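Predicted, not measured: the structure shown is a model, and the values here were computed from it. Worth knowing before you read on, the calculation uses all heavy atoms, side chains too, and leaves out hydrogens, waters and symmetry mates.
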Amino acid sequence: MSQYKSGVLFTVVGALLWGISGTSGQFLLQQRGLTSGWLVAVRMLMAGLILLVLCYKKEKDAIFRVWKEKHDRRDLFLFAALGLSFCQYTYFATISHSNAGTATVLQFLAPVLIMIYLSVKNRKLPRTAEMVAIVFAVAGIFLLATHGRFDSLAISQEALMYGLLSAVSVVIYNLQPARLIKTYGTLLSLGWGMLIGGVLLSIVYQPWRIIGTWDLAAFASLLVIILLGTVISFSLYLEGVHRIGATVGSLLSSAEPLSATFLSVFWLGTTLDWTDLIGIALILSTVFLLTLKSKPLKSSEVIQTELNI
């Protein structure tokens with residue numbers, strides 16, 4: 001399998017697992033009384049430790065090489081704080097105030113933001129299809145947030161705010177850790193980033209103070225979030241982005257809102273209005289608009305255009 005095809009596969013599978021993780025998070029937040037901050041702190045601490053143990057078995061003391069250079073330490077803390085912690089907290093906060101489907105769809109505005117960022121960075125005006133994608137994204141947000149009414153919000157202000165912030169966070173963790181991943185690999189960069197982010201969040205949310213209602217379903221959901229939704233999904237997705245580039249990778253992540261919405265409706269009984277469905281369709285249609293008449297970059301071109309930022 002070519003590097004490009006394997007990158008596509010890794011990205012799609014990682015995104016599907018995120019959708020499952022999001023729905024499991026909705027179950028814990030809304031039916032078992034957990035808070036988003038506590039859940040994210042535990043998730044990152046456990047996932048970071050697991051990843052670093054896996055790396056240590058393979059690389060031994062070489063896992064500490066990332067701490068030798070000042071610019072690597074700086075990038076690692078930025079990745080942990082502004083990328084991973086910011087991303088996961090805003091995502092689960094959105095779920096807490098709405099549902100997994102809405103949270104993932106709002107987060108999926110990231111491809112449009114990445115397109116705008118790269119257009120500004122490369123000093124190149126967006127193509128017609130890209131401009132239409134921006135219009136569709138804005139229209140989709142409007143329908144999701146208001147159900148077509150100008151005088152009220154259909155979701156809470158908190159859900160809308162956290163959802164938009166989660167989209168910004170996706171842009172950060174797609175682009176910011178590119179050099180780290182190129183130098184140290186996906187698992188090592190992700191492991192340290194998760195552990196550092198979990199420690200930072202623990203200062204505020206104290207994961208050792210057990211909250212919520214715990215039963216077999218709660219423990220199973222937490223394991224799904226940590227193992228499938230964090231260790232495996234982030235590893236696959238970031239490795240996929242490393243192989244095919246942030247733009248294509250973020251577009252393929254459309255598998256996440258589809259799986260999250262499906263599970264949220266059929267497992268947790270979330271109801272969707274017709275305006276929700278249109279809004280979701282508008283936002284997801286940006287994936288087709290942004291890839292219209294675009295040629296996938298070769299791996300060498302991806303490295304040149306996406307990693308030198």
Side-chain angles (χ1 to χ4, degrees), residues 11 14-15 17-19 21-22 25-26 29 35-37 39-41 43-44 47-48 74-98 100-118 120-121 137 141 144-145 155 157-181 186 189-190 192-201 204-205 225 229-230 233-238 240-242 246-247 249-257 260 283 286 306 309:
T11 304
L17 293 178
W18 270 333
S21 172
Q26 181 180 339
L29 294 169
T35 64
S36 53
L39 178 59
V40 171
R43 178 192 196 190
M44 295 189 71
R74 177 204 64 201
D75 286 353
L76 191 57
F77 272 97
L78 288 174
F79 178 41
L82 299 181
L84 292 172
S85 297
F86 185 40
C87 169
Q88 294 190 59
Y89 179 80
T90 54
Y91 175 63
F92 279 104
T94 309
I95 292 176
S96 179
H97 291 285
S98 57
T102 298
T104 51
V105 169
L106 288 174
Q107 195 178 64
F108 194 65
L109 294 167
V112 174
L113 298 180
I114 289 176
M115 179 269 295
I116 293 173
Y117 166 81
L118 292 177
V120 173
K121 177 178 179 290
I141 293 174
L144 280 177
I155 61 175
Q157 293 180 358
E158 292 83 2
L160 181 59
M161 177 189 70
Y162 283 123
L164 295 177
L165 286 175
S166 71
V168 174
S169 71
V170 172
V171 177
I172 295 173
Y173 84 68
N174 268 280
L175 298 176
Q176 190 274 334
R179 190 190 60 80
L180 274 177
I181 292 174
T186 302
S189 302
L190 186 60
W192 281 116
M194 285 285 183
L195 184 60
I196 294 169
V199 170
L200 293 175
L201 287 172
V204 179
Y205 295 104
I225 291 171
T230 308
S233 63
F234 270 90
S235 300
L236 288 175
Y237 182 76
L238 286 175
V241 168
H242 177 59
T247 303
S250 64
L251 297 178
L252 292 175
S253 66
S254 59
E256 180 187 2
I283 292 175
T286 60
E306 303 294 349
I309 58 176

Quiz prompt | Chi angles and distances behind the side chain to side chain contact (heavy atoms under 4.5 Å, CB included) call for S21, F92 | solution = CA-CA 10 Å; S21 172; F92 279 104; 4.2 Å; yes
Exercise. Please lay out, stage by stage, how L165 and F86 fare under the test side chain to side chain contact (heavy atoms under 4.5 Å, CB included).
Key: CA-CA 8 Å; L165 286 175; F86 185 40; 4.0 Å; yes
Exercise. Output, in order, the C-alpha distance, side-chain angles, deciding distance and verdict of side chain to side chain contact (heavy atoms under 4.5 Å, CB included) for I181 and L190.
Key: CA-CA 8 Å; I181 292 174; L190 186 60; over 6 Å; no
Exercise. Might you work through the side chain to side chain contact (heavy atoms under 4.5 Å, CB included) test for L84 and M194, ending with a clear yes or no?
Key: CA-CA 7 Å; L84 292 172; M194 285 285 183; 4.2 Å; yes
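Note on ring orientation: taking the six-membered ring where Trp is involved, the planes of Y237 and W18 are tilted (angle from 30° to 60°).
Taking OG1 of T11 as the start and CG of L236 as the end, the distance is 8.5 Å to the nearest 0.5 Å. We find the CG-CD1 distance between L29 and I95 to be 6.5 Å, quoted to the nearest 0.5 Å. Taking NE2 of H97 as the start and CG of L160 as the end, the distance is 12.0 Å to the nearest 0.5 Å. For the atom pair S36 OG and Y91 OH, the distance stands at 12.5 Å (nearest 0.5 Å). Between the CG atom in L106 and the CD1 atom in I155 there is a gap of 5.5 Å [rounded to 0.5 Å]. From F79, atom CZ reaches atom SG of C87 across 9.5 Å, with rounding to the nearest 0.5 Å.
Minimum interatomic distance between S98 and A159 (heavy atoms only, all atoms of both residues): CB-CB, 4.0 Å. Contact record, I225 with T230: O-OG1, 2.6 Å, taken as the closest heavy-atom pair. Residues G197 and A80 share a closest heavy-atom pair of N-CB, 3.8 Å.
A donor-acceptor pair under 3.5 Å links the side-chain atoms of T94 to the main chain of G163, judged by distance alone. Without hydrogens or angle criteria, Q88 side chain to V40 main chain gives no donor-acceptor distance under 3.5 Å.
Side-chain contact check for Q176 versus L82: every heavy-atom pair is 4.5 Å or farther apart.
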